[in-house]
Structures are given as structure tokens and as C-alpha cells.
Amino acid sequence: MEWHETAPDVGTRWERGDGHAVVSVRQTATGEWAVTYDRLRQAPEGEAYRRETCETEADALALAAEWRD
């Protein structure tokens with residue numbers, strides 16, 4: 001499935017082509033990097049949510065890329 005980068009207020013965000021899932025990366029107040037995956041209930045594969053933190057932006061972007069695959 002294709003992913004398209006969108007323009008959020010903070011961080012980086014990708015929306016899946018069908019609009020049923022979003023992956024985002026943003027810096028937290030503590031300086032860590034949060035990566036979230038949010039898939040809607042309406043998605044063919046069902047609802048899902050994941051959140052992890054990384055120490056660096058590079059690690060967070062790598063994890064986001066992994067989740068989009």
C-alpha cells in the first residue's frame with residue numbers, strides 16, 4: 001500500500017493511500033522521539049495502535065519506515 005507524507009503542525013506524518021492508517025514521528029517534551037501507528041477500525045485488516053519512543057530522530061524515522069512496510 002502506498003503512503004503519502006502530509007504536513008502536520010509538529011513532526012512528520014504519513015497517511016496510507018486508503019486513508020485508513022497514519023504513522024507519525026514527533027519529538028516529545030523530554031527530548032525523546034515518539035513514533036505512532038494508528039489504523040482505523042474500518043481498515044480491511046482491522047483496528048491497531050502502536051507507540052514507541054526512540055532516543056534519536058534517525059532511529060524514529062527508521063522505525064516509522066519499518067512500520068510503513
Side-chain angles (χ1 to χ4, degrees):
M1 182 90 38
E2 274 189 49
W3 292 83
H4 306 281
E5 190 170 345
T6 63
D9 293 336
V10 176
T12 306
R13 178 182 162 124
W14 298 266
E15 185 174 315
R16 198 166 76 174
D18 64 3
H20 290 161
V22 172
V23 173
S24 63
V25 173
R26 66 173 183 81
Q27 191 169 28
T28 68
T30 63
E32 294 180 307
W33 291 86
V35 184
T36 58
Y37 173 81
D38 191 10
R39 190 173 63 217
L40 299 176
R41 184 179 315 151
Q42 297 87 341
E45 56 280 60
E47 182 178 25
Y49 181 81
R50 291 178 73 180
R51 181 184 186 278
E52 290 188 30
T53 56
C54 300
E55 289 188 22
T56 68
E57 182 180 19
D59 289 343
L61 291 170
L63 180 58
E66 182 181 316
W67 286 359
R68 291 191 316 271
D69 287 337

S.K.: Can you sort out the partners of T56 under side-chain contact (heavy atoms from CB on, under 4.5 Å), two or more places apart, ordered by chain and number?
M.R.: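 Partners of T56 by the side-chain contact (heavy atoms from CB on, under 4.5 Å) criterion, ordered by chain and then number, come out as A58, D59.
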S.K.: Please enumerate all residues that pass side-chain hydrogen bond (donor to acceptor under 3.5 Å, both in side chains) together with R13, with sequence neighbours excluded.
M.R.: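 Counting only residues at least two positions away or on another chain, R13 forms no side-chain hydrogen bond (donor to acceptor under 3.5 Å, both in side chains).
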S.K.: Not counting sequence neighbours, which residues clear side-chain contact (heavy atoms from CB on, under 4.5 Å) with E52? List them please.
M.R.: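 E52 satisfies side-chain contact (heavy atoms from CB on, under 4.5 Å) with R50, L63, W67 only.
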S.K.: Using residues 28-36 as the side-chain source, report each donor-acceptor pair under 3.5 Å to any protein atom, sequence neighbours left out, with the distance given to one decimal.
M.R.:
unit_1 : atom_1 : unit_2 : atom_2 : d
T28    : OG1    : T30    : N      : 3.4
T28    : OG1    : T30    : OG1    : 2.9
T28    : OG1    : E32    : N      : 3.2
T28    : OG1    : E32    : O      : 3.2
T36    : OG1    : S24    : OG     : 2.6

S.K.: Rounded to the nearest 0.5 Å, how far apart are OG1 of T53 and CZ of R26?
M.R.: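 Separation between the atoms: 10.5 Å.
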S.K.: Give every donor-acceptor pair under 3.5 Å between a side-chain atom in residues 39-46 and any protein atom, sequence neighbours left out.
M.R.:
unit_1 : atom_1 : unit_2 : atom_2 : d
R39    : NE     : G46    : O      : 2.5
R39    : NH1    : Y37    : OH     : 3.1
R39    : NH2    : G46    : O      : 3.2
E45    : OE1    : R16    : NH2    : 3.4
E45    : OE2    : R16    : NH1    : 2.7

S.K.: Other than V22, which residues form its hydrophobic cluster under the rule that side-chain heavy atoms must be closer than 4.5 Å?
M.R.: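 Traced through the cluster, V22 reaches no other member.
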S.K.: For E5, what residues pass the side-chain contact (heavy atoms from CB on, under 4.5 Å) criterion, not counting sequence neighbours?
M.R.: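 Expected list: T12, W14.
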S.K.: When clusters are formed from ILVMFWY side-chain contacts under 4.5 Å, directly or step by step, what else is grouped with Y49?
M.R.: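 Direct or chained contacts put Y49 with none.
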